[in-house]
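Beneath this line is the structure, given in structure tokens, with notes to follow.
What you see below is based on every heavy atom in this structure, not just the backbone, and it leaves out hydrogens, waters and symmetry mates. Every chain is numbered from 1, with letters handed out A, B, ... down the list of sequences.
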Amino acid sequence: MQNKLYIYNTLSRKKELFEPINPPFVGMYVCGPTVYGDAHLGHARPAIAFDLVFRYLQHIGYKVRYVRNITDVGHLENDADEGEDKIAKKARLEQLEPMEVVQYYTDRFHTNMNQLNVKSPSIEPRASGHIIEQIEMAKKILDAGYAYETEGSVYFDVVKYNQSHNYGVLSGRVFEDLITTTRELEGQEEKQNPADFALWKKAQPEHIMRWTSPWSIGFPGWHLECSVMGTKYLGEQFDIHGGGMDLLFPHHESEIAQSVAANGKQPVKYWMHNNMITLNGKKMGKSLGNAVSLEDFFTGENKLLQQSYSPMTIRFFILQAHYRSTLDFSNEALQSAEKGLKKLLTAGHTLDKVVASDKSTSNIKELRDKCYEAMNDDFNSPVLISHLFEGVRIINSVKDKKETISAEDLEILKKTFHDFVFDILGLRDEETKGGNELADDLMKTILEIRQQARAKKDFATSDKIRDELVRINIIIKDTKDGSEWSIEE
RNA sequence: GGUACCGUGGCCGAGUGGUUAGGCGGAGGUCUGCAAAACCUUAGACAGCGGUUCGAAUCCGCUCGGUACCUCCA
């Protein structure tokens, strides 16, 4: 690869040169959604952030296997009195089979992802499809002596592990604090230490989702699925593991401990964490009750929203911030993203009509290089976008004949624009184009009539045509080279 | 309390020891029958207080404010 890509590695808290374990292949695992409710804006962040990573790695020539799981089993809900499976609870409330709920929300998640133009991962494994492997891994950890069984449940022995390894490498947690700073919580008495975590949990009678294991009828512990599915599809050691910053501890820390205990190897070379989307400065989360679903954004049906926002507006809004920064949502911010996106995409169309000259007044090759530099610097999409807006300025200036561009540079600019706007940022044009020949022909005739009226200074007629067209969402723009039309939402 | 981190102009957001981020909005202008679009110019910032330095928004310390995690939610 001629591109020197630097990735911020949470493990070292530094930007590191990206060198895959087995080039040109790259293995990437990202924690996917728990499918017990509709996806909200908070879900869009990691999906889009790692879609960008996936797209860029492919663009610069890597063969990427991207695994993003669907979590559909066995986890407890914090507001439940007794430990109760999130999905099981939802199922009981709606009188549905748990897997019916899973299917429903998985489908809706996929629909949202398609709307956001998020590429499907290479493999999208479900936790419920890997119960056997999770039992196997728990056995391995037991055999290695890093876990113990109590009352049909299996717990990871964090204290034992930390004697020879560092439980806290990733999160920077101080081990002594972990085992001393504890709270009184229910269901802790089975554990030897409060910091220990479950590998297998015996099911209570009210649990609907349950599987047979050597220890009890129950369900796998919280962190095991990711360790298992990452290992199964990407190997004991793979390149990139991603997820939200909120998963750093204890989830990812525990994943490392499980993999090291079972396989004796550090599982991941580069850990990447995206930051949160905030609403009035607070993390947006379902459990916090301030989540706005993606569906709501697309339809505008939410008290917090002044209007609807298209999927591409949401995508552009997210890409305008660096993935490791918090991003504060507001109507004003989304509206400015909407306008900025339109400006960018319009320039893309203008580019097709631009005419080349003998030489260029702007340095197009430098612009292209800057775009790569931005992406190579830990996927800095906001800086990339600022360079693309420089491209927009050039395109419009050339169109207005205030600047010129050579034929060679024009090709470079077109390729750069196409590569970065569509392939890498994954934006797409949502505007309903005229498209069909009938509309084109009709508009051509109408515009000719209007032009004749204007030539005769019959502005009453020309304005009437324009105003009437506005009513059916057709916008006329008069330029020096004639009139243009487009269909707006 | 512990861990990680943040505080940038009206809004959203890059940057990070010396030089323009960018978008939206504002002001002025060019173009135009008008409108729109486009282009040009422009105003406005680095929470506060100290320190290091020839020079700090950028490094260090303190103060204030904020966020995430520390939960059998993954």
> Does NZ or CZ of Arg173(A) fall inside the cone over Phe249(A)'s six-membered ring, less than 6.0 Å from its centre and within 45° of the axis?
Replying inline: yes
> Among all residues two or more places apart in sequence or in another chain, which pass the side chain to side chain donor-acceptor pair (under 3.5 Å) test with Asp328(A)?
Replying inline: Thr278(A)
> Tell me: NE2 of His349(A) to P of A38(B), nearest whole Å?
Replying inline: 14 Å
> Mind checking the C1' distance from C11(B) to G48(B)? Whole angstroms is fine.
Replying inline: 23 Å
Within the sub-3.5 Å range, which N or O atoms of nucleotides 20-26 of chain B have a protein N or O partner, and how far apart are they?
unit_1 : atom_1 : unit_2    : atom_2 : d
G23(B) : N2     : Ser336(A) : OG     : 3.4

> How would you list, by chain and number, every residue that makes a side chain to side chain donor-acceptor pair (under 3.5 Å) with Arg108(A), sequence neighbours excluded?
Replying inline: Asp38(A), Tyr104(A)
> Which pair of heavy atoms, one from Leu469(A) and one from Met443(A), lies closest together, and at what distance?
Replying inline: CD1-CE, 4.0 Å
>> Identify the stems formed by RNA chain B, where each pair is Watson-Crick or G-U wobble with both distances under 3.5 angstrom and a stem is at least 3 consecutive pairs.
In response: B:1-7 with B:64-70, B:10-12 with B:22-24, B:26-30 with B:38-42, B:47-51 with B:59-63
> Roughly, in whole Å, what's the span from CZ in Phe175(A) to P in U3(B)?
Replying inline: 16 Å
>> On a heavy-atom basis, which atom in Leu224(A) and which in Gln134(A) lie closest, and how many Å separate them?
In response: CD2-O, 3.3 Å
> Tell me, do Tyr309(A) and Gln307(A) make a side-chain contact under 4.5 Å, heavy atoms counted?
Replying inline: yes
>> What's the gap between A57(B) and U20(B) when it is taken at their C1' atoms, as a whole Å value?
In response: 16 Å
> In chain order, what residues pass the side-chain contact (heavy atoms from CB on, under 4.5 Å) check against Gln320(A), with sequence neighbours excluded?
Replying inline: Phe316(A), Ala337(A), Ile385(A)
> Who passes salt bridge (charged side-chain N to carboxylate O under 4.0 Å, His left out) against Asp400(A), sequence neighbours left out?
Replying inline: none
>> Looking at Gln192(A), is its backbone amide N or carbonyl O close enough to the side chain of Tyr148(A) to form a donor-acceptor pair, meaning the two atoms are under 3.5 Å apart?
In response: yes
> Where the side chain of Arg13(A) is concerned, which of A37(B), A4(B), C39(B) is the nearest nucleotide?
Replying inline: A4(B)
>> I want to check a possible cation-pi pair here: Lys201(A) against Phe219(A), using under 6.0 Å from ring centre and within 45° of the ring axis as the test.
In response: no
> Do Lys232(A) and His130(A) come within less than 4.5 Å of each other through their side chains, counting heavy atoms only?
Replying inline: yes
> With Ser483(A), which residues qualify under side chain to side chain donor-acceptor pair (under 3.5 Å), at least two apart?
Replying inline: Asp478(A)
>> Distance check needed: A37(B) P versus Leu344(A) CG, whole Å only.
In response: 17 Å
>> Measure CZ/Phe317(A) against P/A14(B) and give the value in whole Å, please.
In response: 11 Å
>> When you compare the side chain of Met375(A) with that of Ile424(A), does any pair of heavy atoms fall below 4.5 Å?
In response: yes
> Among all residues two or more places apart in sequence or in another chain, which pass the side chain to side chain donor-acceptor pair (under 3.5 Å) test with Glu448(A)?
Replying inline: none
> So do the side chains of Met272(A) and Phe50(A) get within less than 4.5 Å of each other, counting heavy atoms only?
Replying inline: yes
> Expressed in whole Å, how much space separates the C1' atoms belonging to G22(B) and G50(B)?
Replying inline: 34 Å
> Is any side-chain nitrogen or oxygen of Asn380(A) closer than 4.0 Å to OP1 or OP2 of G15(B)?
Replying inline: yes
> Counting just side-chain N and O atoms, does Ser325(A) come under 4.0 Å of either OP1 or OP2 of A14(B)?
Replying inline: yes
> Expressed in angstrom and rounded to an integer, what is the separation of Tyr323(A) atom OH from A14(B) atom P?
Replying inline: 12 Å
>> Per the ring-ring contact (aromatic ring centres under 6.0 Å, His included) rule, what does the pair list look like for residues 369-398 of chain A, sequence neighbours excluded?
In response: His59(A)-Tyr372(A), Tyr372(A)-Phe420(A)
> Does NZ or CZ of Arg454(A) fall inside the cone over Phe459(A)'s six-membered ring, less than 6.0 Å from its centre and within 45° of the axis?
Replying inline: no
> What's the CG-C1' distance between Asp328(A) and G7(B), to the nearest Å?
Replying inline: 12 Å
> Going by heavy atoms closer than 4.0 Å, what residues in residues 38-47 of chain A are next to RNA chain B?
Replying inline: none
>> As a test of reading the structure: which of C39(B), A14(B), C12(B) is closest to the side chain of Val392(A), going by heavy atoms?
In response: C39(B)
Strictly under 3.5 Å: I want the nitrogen or oxygen pairs between protein and nucleotides 31-34 of chain B, one per line.
unit_1 : atom_1 : unit_2    : atom_2 : d
G33(B) : O6     : Arg454(A) : NE     : 3.4
G33(B) : N1     : Asp463(A) : OD1    : 2.9
G33(B) : N2     : Asp463(A) : OD2    : 2.7
C34(B) : O2     : Arg466(A) : NH2    : 2.6
C34(B) : N3     : Arg466(A) : NH1    : 3.0
C34(B) : N3     : Arg466(A) : NH2    : 3.4
C34(B) : N4     : Asp478(A) : OD2    : 2.9

Shorter than 3.5 Å, N or O on both sides, protein versus nucleotides 67-69 of chain B: list them out with atom names.
unit_1 : atom_1 : unit_2    : atom_2 : d
U67(B) : OP1    : Lys282(A) : NZ     : 2.5
C69(B) : OP1    : Lys283(A) : NZ     : 2.8
C69(B) : O2'    : Arg173(A) : NH2    : 3.0
C69(B) : O2'    : Phe249(A) : O      : 2.9
C69(B) : O2     : Arg173(A) : NH2    : 2.7

> If you look at every strand shown and take non-hydrogen atoms under 4.0 Å, does Leu327(A) touch a base, only sugar-phosphate, or nothing?
Replying inline: sugar-phosphate
